[in-house]
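Right, one structure below, let's go through it.
Chain identifiers are assigned alphabetically (A, B, ...) following the order of the sequence lines, protein sequences preceding nucleic acid strands; residue numbering begins at 1 within each chain. These figures come from a predicted structure and were not determined experimentally.
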Amino acid sequence: MPEGHTVHRAARDHDGDFAGQRVLVSSPQGRFPAEELVDADGRAHLERVEAYGKHLFYVFEGERVVHVHLGLFGKFFRRRTPAPASRSSTRLRLEGEAMTLELVGPTACELVSVEDMRAITARLGPDPLREDANPRRFYAYVARAKAPIGAILMDQSRICGVGNVYRAEVLHLLRVHPETPGKALPKATLRAMWRLTAGLLRRGVEEKRIVTTRGLTLAKPRERVPRHDSTHVYRRRWCRTCEGPVSTYTLRARTVHYCDACQPLEAAAE
DNA sequence: GCGGTATGCCTAA
DNA sequence: TAGGCCTACCGCG
């Protein structure tokens, strides 16, 4: 689940659940130093929760920040308070007035300072899900990059929040081959790429899952797009658009999915 | 119960 | 580029 949409949705939900409260903080698994954050009653005052790309920041009183990165396996379990007993693998547990949160399997869950938080976000490219995002940094880099666009989209220092699923789907919808060098892409295609990425990510935040089919509009409340129909090429054997075979190869240790017929290399590189 | 798989990313060589 | 981290889930038997 964890591409940018998951993280931004978590920030929104958790901010609503806990911001402004003295939250009971613990680490049933013992690998997060909750005792360094809490007062004698086991609680700490949470001011707000913020997302930047795939990074989450829980900002507590006193400029103390819990930095979370879900990695490949990380997952949240959100329940009403009082919640049932924690599973033993729970790295971080937050108990608020109405909701209780458990975090399992994250790559990062650490107590940092506000300066550390700034240093982390400073390393990231613009995030299409943030109001303050400036896509010009992305355009400027791609316009002179020899690197394939398929690699650039996954590079969090160039554009952040995009993962393997959105990469495959954005390139497919724009009919761009993943091996196209950045600088071969027309400016108009780049602008469309940013807008499409932002639109798909926003839809993901609302639907709490990645759906790139059936346009950018949200599914009707009860109309759940079946899993096998939620992407065009990602993890599919046959292209949803042309029904031809989906090709895969490994680029920087990640499997790229694309359709050779819909995304020819020449066409994209004019 | 076991083995394979996954939407990520860091480090060593 | 390969390996490691770390967990849930699913299909198979």
Side-chain angles (χ1 to χ4, degrees), chain A residues 1-11 27-32 51-57 67-79 84-93 101-110 112 116 119-125 127-129 147-148 150-173 178 196-213 225-237 240 246 248-258:
Chain A
M1 312 291 181
E3 295 195 28
H5 70 297
T6 305
V7 172
H8 278 261
R9 180 54 184 254
S27 178
Q29 182 198 44
R31 290 183 52 192
F32 174 77
Y52 206 121
K54 297 172 188 170
H55 297 258
L56 265 170
F57 300 98
H67 168 231
V68 170
H69 192 292
L70 294 173
L72 192 52
F73 312 121
K75 222 172 215 162
F76 288 111
F77 296 91
R78 188 166 163 248
R79 300 207 178 77
S86 296
R87 56 186 80 205
S88 58
S89 56
T90 299
R91 183 81 58 91
L92 176 70
R93 185 172 186 275
L101 185 72
E102 290 194 4
L103 169 62
V104 167
T107 288
C109 177
E110 53 180 357
V112 302
D116 295 330
I120 291 165
T121 58
R123 278 185 245 121
L124 299 171
D127 175 352
L129 281 174
I152 296 171
L153 282 177
M154 293 279 279
D155 182 344
Q156 303 298 301
S157 71
R158 302 304 176 187
I159 178 171
C160 73
V162 177
N164 208 8
V165 184
Y166 284 117
R167 162 176 67 180
E169 294 297 305
V170 165
L171 292 177
H172 180 81
L173 285 163
L196 177 61
T197 304
L200 291 175
L201 281 164
R202 269 188 219 113
R203 183 179 177 189
V205 173
E206 297 310 317
E207 299 199 26
K208 293 193 87 165
R209 60 189 287 237
I210 300 175
V211 179
T212 65
T213 54
V225 177
R227 188 185 317 205
H228 68 268
D229 199 41
S230 61
T231 61
H232 297 88
V233 288
Y234 180 74
R235 284 253 271 166
R236 287 178 61 106
R237 203 182 299 251
R240 187 181 184 274
V246 169
T248 61
Y249 69 100
T250 302
L251 176 60
R252 303 190 188 169
R254 308 298 303 278
T255 304
V256 186
H257 299 251
Y258 73 102

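A donor atom on one side chain and an acceptor atom on the other are found under 3.5 Å apart for S86(A) and E102(A).
R78(A) meets the salt bridge (Lys or Arg N to Asp or Glu O under 4.0 Å) test with D13(A), D17(A); sequence neighbours excluded. Applying the side-chain hydrogen bond (donor to acceptor under 3.5 Å, both in side chains) rule to S157(A) yields the partners D155(A); only residues at least two apart in sequence or on another chain are considered. For A51(A), the side-chain contact (heavy atoms from CB on, under 4.5 Å) partners are V7(A), H8(A), A11(A), L56(A), not counting sequence neighbours. In terms of the salt bridge (Lys or Arg N to Asp or Glu O under 4.0 Å) criterion, residue partners of R240(A) (sequence neighbours excluded) are, by chain and number, D229(A).
The aromatic rings of Y249(A) and Y258(A) sit perpendicular, their planes meeting at an angle over 60°, well past the 30° parallel limit.
For DNA chain B, the neighbouring residues in residues 155-165 of chain A, judged by any heavy atom under 4.0 Å, are Q156(A), G163(A), N164(A), V165(A).
When each of dA6(B), dT7(B), dG8(B) is scored by its nearest atom to the side-chain atoms of I210(A), the top-ranked nucleotide is dT7(B).
Here dC9(B) presents its C1' atom at 14 Å from CD of E3(A), a figure rounded to the nearest Å. Distance CG (L72(A)) to C1' (dG3(C)): 14 Å, rounded to an integer number of Å. Atom CZ of R167(A) is separated from atom P of dC9(B) by 11 Å (rounded to the nearest Å).
Contact annotation for R31(A): backbone-only contact, meaning every heavy-atom pair under 4.0 Å involves sugar-phosphate atoms and none involves a base. The residue Q29(A) sits close only to the backbone: its heavy atoms come under 4.0 Å of sugar-phosphate atoms, none of a base.
Within the 4.0 Å cut-off from OP1 or OP2 of dG8(B), not a single side-chain nitrogen or oxygen of H69(A) is found. Listed pair R252(A) / dG8(B) fails the phosphate criterion, with no side-chain N or O lying under 4.0 Å from OP1 or OP2. For the OP1/OP2 pair of dT7(B) and a distance below 4.0 Å, the side-chain nitrogens and oxygens of Y166(A) include no atom meeting the criterion.
Here the separation of dA8(C) from dC10(B), taken at their P atoms, is 23 Å to the nearest Å. Comparing dC5(C) with dA13(B), their P atoms are spaced 15 Å from each other, to the whole Å.
Checked against a 6.0 Å centroid threshold, the rings of Y234(A) and H172(A) do not count as neighbours.
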N/O contacts under 3.5 Å, protein versus nucleotides 8-10 of chain C?
from: dA8(C); atom 1: OP1; to: R87(A); atom 2: NH1; distance (Å): 3.4
from: dA8(C); atom 1: OP1; to: S89(A); atom 2: OG; distance (Å): 3.2

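Residues S27(A) and L92(A) form no side-chain contact, since every pair of their non-hydrogen atoms from C-beta on lies 4.5 Å or further apart.
In this structure, R93(A) forms no cation-pi arrangement with F77(A), as its terminal cationic atom is not both closer than 6.0 Å to the ring centre and no more than 45° off the ring axis.
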